[in-house]
Amino acid sequence: MTTTLDDAATTLDALRGVVDGDVIGARDDGYDEARSLWNAEQDRRPLAVVRATSPADVAAALRVAQDRDLPVAVRGGGHNTAGGGCCDDGVVIDLGPMNRVVVDPVARRARCGGGTRLRDLDAATQQHGLAVTAGMISETGVGGLTLGGGMGWLGRKAGFAIDNLVGAELVTVDGRVLRLTEDEREHPDLWWAIRGGGGNFGVVTEFEFRLHEVGPVVPVGLTFYDPGQAADVLRMVRDLEPTLGRDVGVGIFAISAPPAPFVPQEYQLQPVYVVGIAGFGTPEEHAALMDRVRAAVPVRFEMVTPMPYTALQSMFDDSVTWGRYAVYEKSAYLGDLDEATIAVFTEHVARRTSPYSQVIVDMMGGAYADVADDATAFGGRRDAGYTVFILGLTEPDDPSSERPWVRGLHDALVDVGKRESYVNGMVEVTESDVRRVYGERKYARLAAVKAAYDPANVLRRNANIRPA
Ligand code: FAD
């Protein structure tokens, strides 16, 4: 598609005539900030960014874009590595201004706008000692994370974010504003589809979640190991897993140690394995678990301390600064940390070439598997033991150097029998990738819902479901 300056000017005028929020074009201050995404490699130049303030703004922007046959991108937090939150030569509907969070502590419910960041949701719910499953980086958008599933420290206790979704307000591409609830009668297939099927079916302008008692202070243990201890560390986590309750969140992180005060000088910025354990039970249970961890494999250094839940949720933020890196990402589900898988990790993780690259292994189990597979559109393995995120992070001017490493580790995991990808953890989202994520049966059902609510595939800057 080619666009002229005239197209841009008339589009901006048309949008400014119908929306209340700011409309930012290429000649306006703030354009580069408005179009930026977390993944620096996704450098896109839209005609207009609409800072939507209401469902009416969203509906109006969708109308103008469709009347002019322009691409549409919807932006929640802009954190998605595939860059779905922006587009070239089209209209970006940025939900950022819609970030109000309202908590009902008695009913244990929170409603939040479609552009809310995890940090805003966590901060508001924690004022009442409540929380819902959210990801491990506080800047991530609630929108994209939830619509694809949503996993984090609380997942073994509370399941996916979608498992706690009890309502949503959604604007369809033809401008209807629908209010969906967990006992949805009028649009049951749509309610099913938005819980895992991503932003394919409409723009969600409000989410409503069920909340759980959490913190506000939780005991957290980070134990650090040399890369040479990787196999022992992975075996330790595997052996601990069957003994753990649901009140424990566990992650394994292959990263560079931060230059933090608790990190000995010789380890700073060096590759390490970290086992992170968040305790949502009693401090005594957490202390006993940390003793078992220390007894199993010699710890090189550690940081074990109670901390606010909101601090846990932002603990790794500095390692993934907004716009700092070009990112290539793949993910996979693991049944178990069997010996073949451990051999793949020990061989491949050591081969990363960028000090910024990371491998994150989230332990699943517990409440993740409570909900029947068919009950939501989630396109993954609820019964998996672990989810692996492989993130190749490089300087923005060197976007491709870490790709062979990411692909090599992912392919080796697939070779030893690991399954496919988490839809929120992949940069490449071809039709065959998306079909594999959902499987043919779920994909067909999603394609039928897509045909009913977005037959022209207006919302296609995402892990796209083609209308049936
Ligand atoms: P955006 O880029 O704004 O949007 C992503 C997609 O969702 C786009 O297609 C967009 O159109 C659509 N979308 C967003 N909001 C809406 C809405 N309100 N209505 C309709 N469509 C919408 N995932 C986890 O589950 N757990 C983690 O712990 C976790 N950690 C991560 C850490 C890092 C460093 C990174 C890079 C990713 C992580 N993710 C995690 C993946 C994360 O869930 C996805 O990147 C997600 O897409 C981010 O959502 P967003 O709203 O910020 O993204």
Side-chain angles (χ1 to χ4, degrees), residues 36-39 42 44 52 55 58 62 71-87 92-96 98-99 112-119 133-155 160-162 168-173 194 196-207 249 251 253 255 276 313 315-322 324-325 327-329 331 356-358 360-362 364 368 378 380 387 389-393 421-427 429 454 458-465:
S36 76
L37 295 171
W38 179 76
N39 181 356
Q42 306 287 356
R44 312 215 168 147
V58 172
L62 283 167
V72 174
V74 178
R75 176 196 180 97
H79 208 71
N80 178 247
T81 48
C86 199
C87 63
V92 175
I93 301 175
D94 177 4
L95 304 171
M98 301 179 71
N99 62 358
C112 70
T116 305
R117 307 284 178 126
L118 303 187
R119 61 171 169 247
T133 308
M136 293 178 171
I137 303 296
S138 75
E139 182 168 60
T140 311
V142 172
L145 176 119
T146 301
L147 294 168
M151 59 182 78
W153 290 109
L154 276 176
F160 288 97
I162 49 170
E169 179 185 73
L170 176 143
V171 181
T172 57
V173 290
I194 64 166
N200 274 286
F201 311 96
V203 180
V204 178
T205 44
E206 187 176 89
F207 296 90
F253 307 86
I255 55 173
Q313 287 293 90
M315 192 164 61
F316 292 114
D317 283 9
D318 287 347
S319 68
V320 286
T321 314
W322 179 277
R324 167 70 182 82
Y325 306 105
V327 185
Y328 186 77
E329 179 186 24
S331 58
Y356 314 121
S357 294
Q358 312 183 357
I360 301 164
V361 183
D362 278 352
M364 297 181 69
Y368 281 117
F378 177 67
T387 306
F389 297 84
I390 310 163
L391 288 154
L393 271 56
S421 306
Y422 173 34
V423 74
N424 278 348
M426 49 204 260
V427 165
V429 283
D454 182 14
V458 173
L459 300 171
R460 59 178 177 275
R461 263 77 196 165
N462 45 34
N464 193 230
I465 307 288

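Whatever order the structure lists ligands and atoms in, that order sets their numbers, starting from 1.
Listed by number with element, the atoms of ligand 1 under 4.0 Å from a non-hydrogen atom of T81 are 36 (C). With ligand atoms numbered from 1 in the order given, ligand 1 contributes 3 (O) to contacts under 4.0 Å with heavy atoms of R75. Heavy-atom proximity to G135, at under 4.0 Å, picks out these atoms of ligand 1: 26 (N), 27 (C), 28 (O). Residue contact check: G199 has heavy atoms under 4.0 Å from atoms 20 (C), 21 (N) of ligand 1. Near G85, the atoms of ligand 1 lying under 4.0 angstrom from a non-hydrogen atom of the residue are 2 (O). Under a 4.0 Å criterion applied to the non-hydrogen atoms of G202, ligand 1 contributes the atoms 20 (C). The contact set between ligand 1 and N462, taken as ligand atoms under 4.0 Å from a residue heavy atom, comprises 9 (O).
Side-chain polar atoms of Q313 and S138 form no donor-acceptor pair below 3.5 angstrom. Residues W322 and S36 bring a donor and an acceptor atom of their side chains to less than 3.5 Å of each other.
Only the side chain of L95 comes within 4.0 Å of ligand 1, counting heavy atoms alone; its backbone N, CA, C and O stay farther away. Using a 4.0 Å cut-off between heavy atoms, V320 contacts ligand 1 through its side chain alone, with no backbone atom that close. Of the heavy atoms in R461, only backbone atoms (N, CA, C, O) come closer than 4.0 Å to ligand 1. Of all the heavy atoms of I137, the ones lying under 4.0 Å from any atom of ligand 1 belong exclusively to the side chain.
For atom 28 (O) of ligand 1, the nearest non-hydrogen atom of the protein is M136 N, 2.9 Å. Atom 22 (C) of ligand 1 has as its closest protein heavy atom L147 CD1, 3.6 Å. Annotation: atom 25 (O) of ligand 1 to nearest protein heavy atom, Y422 OH, 2.6 Å. Here the protein heavy atom with the shortest distance to atom 52 (O) of ligand 1 is G141 N, 2.8 Å. In terms of protein heavy-atom proximity, atom 36 (C) of ligand 1 is closest to W38 CZ3, 3.1 Å. The single protein non-hydrogen atom nearest to atom 38 (C) of ligand 1 is H79 CD2, 4.4 Å, given as residue, atom name and distance. Taking atom 48 (C) of ligand 1 as the reference point, the nearest protein heavy-atom neighbour is T140 CG2, 3.7 Å. When hydrogens are left out, the protein atom nearest atom 50 (P) of ligand 1 is G77 N, 3.4 Å; that is the closest non-hydrogen contact.
Not a single heavy atom of F316 sits closer than 4.0 Å to an atom of ligand 1. For F160, the closest heavy-atom approach to ligand 1 does not fall below 4.0 Å. Contact between G148 and ligand 1 is absent, with no heavy atom of the residue lying under 4.0 Å from the ligand. Distances shorter than 4.0 angstrom occur between a heavy atom of G150 and an atom of ligand 1.
Geometrically, ligand 1 and N80 share a nitrogen or oxygen pair separated by less than 3.5 Å. Taking distance alone, with nitrogen or oxygen atoms compared against 3.5 Å, G76 approaches ligand 1 more closely than that limit. The shortest N or O to N or O distance between D362 and ligand 1 is not under 3.5 Å. In terms of N/O distances under 3.5 Å, ligand 1 is approached by V204. Here's the thing with G152: none of its N/O atoms is less than 3.5 angstrom from an N/O atom of ligand 1.
To the nearest 0.5 Å, atom OG1 of residue T140 and atom CG of residue D317 are 7.5 Å apart. Taking CD from E329 and CD1 from I390, the interatomic distance works out to 9.0 Å, rounded to the nearest 0.5 Å.
The closest side-chain heavy-atom distance from V58 to L95 is below 4.5 Å. Inter-residue side-chain proximity for C86 and Q42 is flagged as unmet; no heavy-atom pair is nearer than 4.5 Å. Side-chain contact check for F201 versus L459: every heavy-atom pair is 4.5 Å or farther apart. Contact check for L118 versus V142: side-chain heavy atoms found under the 4.5 Å cut-off. Between V327 and L391, some side-chain heavy-atom pair lies under the 4.5 Å cut-off. Put simply, the side chain of M315 reaches to within 4.5 Å of the side chain of W153, judged on heavy atoms. Side-chain contact between T146 and I162 is present, with at least one heavy-atom pair separated by less than 4.5 Å. Looking at heavy atoms from C-beta onward, R44 lies out of side-chain contact with V92 at the 4.5 angstrom threshold.
Heavy atoms only, all atoms of each residue included: Y325 and N39 are closest at O-OD1, 3.6 Å.
The residue among G144, G78, G115 with a heavy atom at the shortest distance from atom 1 (P) of ligand 1 is G78. Counting only non-hydrogen atoms, the option in V142, L145, I93, T133 that gets closest to atom 46 (C) of ligand 1 is L145. Nearest to atom 27 (C) of ligand 1 by heavy atom, out of Q42, R117, M151, is M151. Between V203, N424, V427, it is N424 that holds the heavy atom closest to atom 44 (C) of ligand 1.
Aromatic ring pairs are classed by plane angle as parallel below 30°, tilted from 30° to 60° and perpendicular above 60°; the pair F160 and Y368 is perpendicular.
A side-chain donor-acceptor contact under 3.5 Å links N424 to the backbone of L145. S357 places a side-chain N or O within donor-acceptor distance of the main-chain N or O of L393, the cut-off being under 3.5 Å. Using a distance-only test at 3.5 Å, with no hydrogens or angles considered, no donor-acceptor pair links the side chain of R461 to the main chain of C87.
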Run the numbers on N464 and N200 for side chain to side chain donor-acceptor pair (under 3.5 Å), then give the verdict. CA-CA 7 Å; N464 193 230; N200 274 286; 3.0 Å; yes

